[in-house]
Amino acid sequence: MKYYIEKTTEYGFDKAIKIVTEELKKEGFGVLTEIDVQATLKKKLDVDFKKYQILGACNPPFAHKALLAENKIGAMLPCNVIVQELDNGKTEVAAVDPVASMQAVENDELSDIANEIRAKLEKVIENL
């Protein structure tokens, strides 16, 4: 099973981040964290890397439901969305597939929540 939902866009890197953030907001997600992988690898390892950002997206009502259903699920939150610049000048956006990532957790209530979040993330990616 593929563990992500992705789409390649014609947007430049910065515009892709802006648009994916707006689309996430439309589906009830806020971005809690932003990790600039390129800058981090340069600072920590002194290596050059492509533009690559990890957005930690959270939909508070669904996060709350998930935490009530499974008290250790916070180890798998928030939902990560990556934006990376491709060699051909295009930008790829990929989101974690919560159904795939939660397969190891045997909890039917959590499975239902993961399916709802997957549908929201698929819509975000589709709308790019």
Side-chain angles (χ1 to χ4, degrees):
M1 172 180 258
K2 202 162 82 170
Y3 62 93
Y4 57 90
I5 306 155
E6 93 287 343
K7 183 174 188 176
T8 300
T9 75
E10 299 290 331
Y11 302 125
F13 183 79
D14 293 331
K15 185 166 184 165
I17 290 174
K18 182 179 184 226
I19 291 172
V20 75
T21 301
E22 290 169 1
E23 291 298 327
L24 284 164
K25 188 181 238 183
K26 289 178 188 175
E27 291 300 316
F29 292 88
V31 175
L32 300 177
T33 59
E34 296 181 36
I35 301 169
D36 183 337
V37 174
Q38 181 186 48
T40 301
L41 292 177
K42 186 65 176 172
K43 180 179 178 182
K44 300 290 184 180
L45 301 175
D46 194 29
V47 296
D48 294 321
F49 195 73
K50 63 185 170 186
K51 291 181 181 179
Y52 191 112
Q53 190 148 351
I54 303 170
L55 306 174
C58 178
N59 182 306
F62 281 97
H64 183 237
K65 283 184 194 178
L67 289 163
L68 291 175
E70 186 74 39
N71 71 358
K72 310 254 183 332
I73 205 62
M76 299 176 123
L77 299 177
C79 295
N80 283 333
V81 178
I82 64 164
V83 180
Q84 65 175 316
E85 187 175 64
L86 302 177
D87 291 337
N88 60 7
K90 296 180 181 182
T91 303
E92 182 184 64
V93 179
V96 65
D97 180 344
V99 172
S101 67
M102 304 224 184
Q103 275 187 331
V105 183
E106 295 176 7
N107 180 323
D108 291 338
E109 188 178 351
L110 192 61
S111 177
D112 293 342
I113 294 166
N115 277 306
E116 290 181 72
I117 291 294
R118 175 202 264 170
K120 289 183 168 297
L121 290 172
E122 285 176 333
K123 189 171 180 183
V124 167
I125 299 298
E126 179 183 305
N127 288 338
L128 296 176

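The figures that follow rest on heavy atoms only: side chains count, while hydrogens, waters and symmetry mates do not.
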Any chance you could measure [X], atom [atom1], to [Y], atom [atom2], to the nearest 0.5 Å?
X    : Y    : atom1 : atom2 : result
L110 : Q103 : CG    : CD    : 12.0 Å
E92  : Q84  : CD    : CD    : 5.0 Å
K65  : N59  : NZ    : CG    : 9.0 Å
I35  : T33  : CD1   : OG1   : 5.0 Å
K120 : L24  : NZ    : CG    : 11.0 Å
D112 : I117 : CG    : CD1   : 12.0 Å

Checklist entry - Between the side chain of K50 and the main-chain N/O of L86, is any donor-acceptor distance below 3.5 Å? => result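 No; judged by distance alone, with no hydrogens or angles, the pair does not exist.
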Which atoms form the tightest heavy-atom contact between [X] and [Y], and what is the distance?
X   : Y    : result
Y3  : A100 : CA-CB, 3.9 Å
T91 : F13  : OG1-N, 3.5 Å
P98 : S101 : O-OG, 3.2 Å
A69 : I113 : CB-CD1, 4.3 Å
E27 : V124 : CG-CG2, 3.7 Å
P78 : G56  : CG-CA, 3.7 Å

Item to check | Ion pair K26/E22, N-O distance below 4.0 Å | outcome: no
Should the heavy atoms of other residues, nucleotides or ligands under 6.0 Å from [atom1] of [X] be counted, would the total exceed 12?
X    : atom1 : result
D108 : CG    : no
F49  : CZ    : yes
K15  : NZ    : no
K2   : NZ    : yes

Between [X] and [Y], is there shared hydrophobic-cluster membership here, with clusters defined by ILVMFWY side-chain heavy atoms closer than 4.5 Å?
X   : Y    : result
V31 : I82  : no
Y4  : M102 : no
I19 : I5   : yes
Y11 : V83  : yes
L32 : V20  : no

What I'd like to find out is whether the side chain of [X] reaches to under 4.5 Å of the side chain of [Y], using heavy atoms alone.
X    : Y    : answer
Q53  : E34  : yes
K90  : E10  : yes
F62  : L77  : no
E23  : L128 : yes
V93  : I17  : no
L121 : F29  : yes

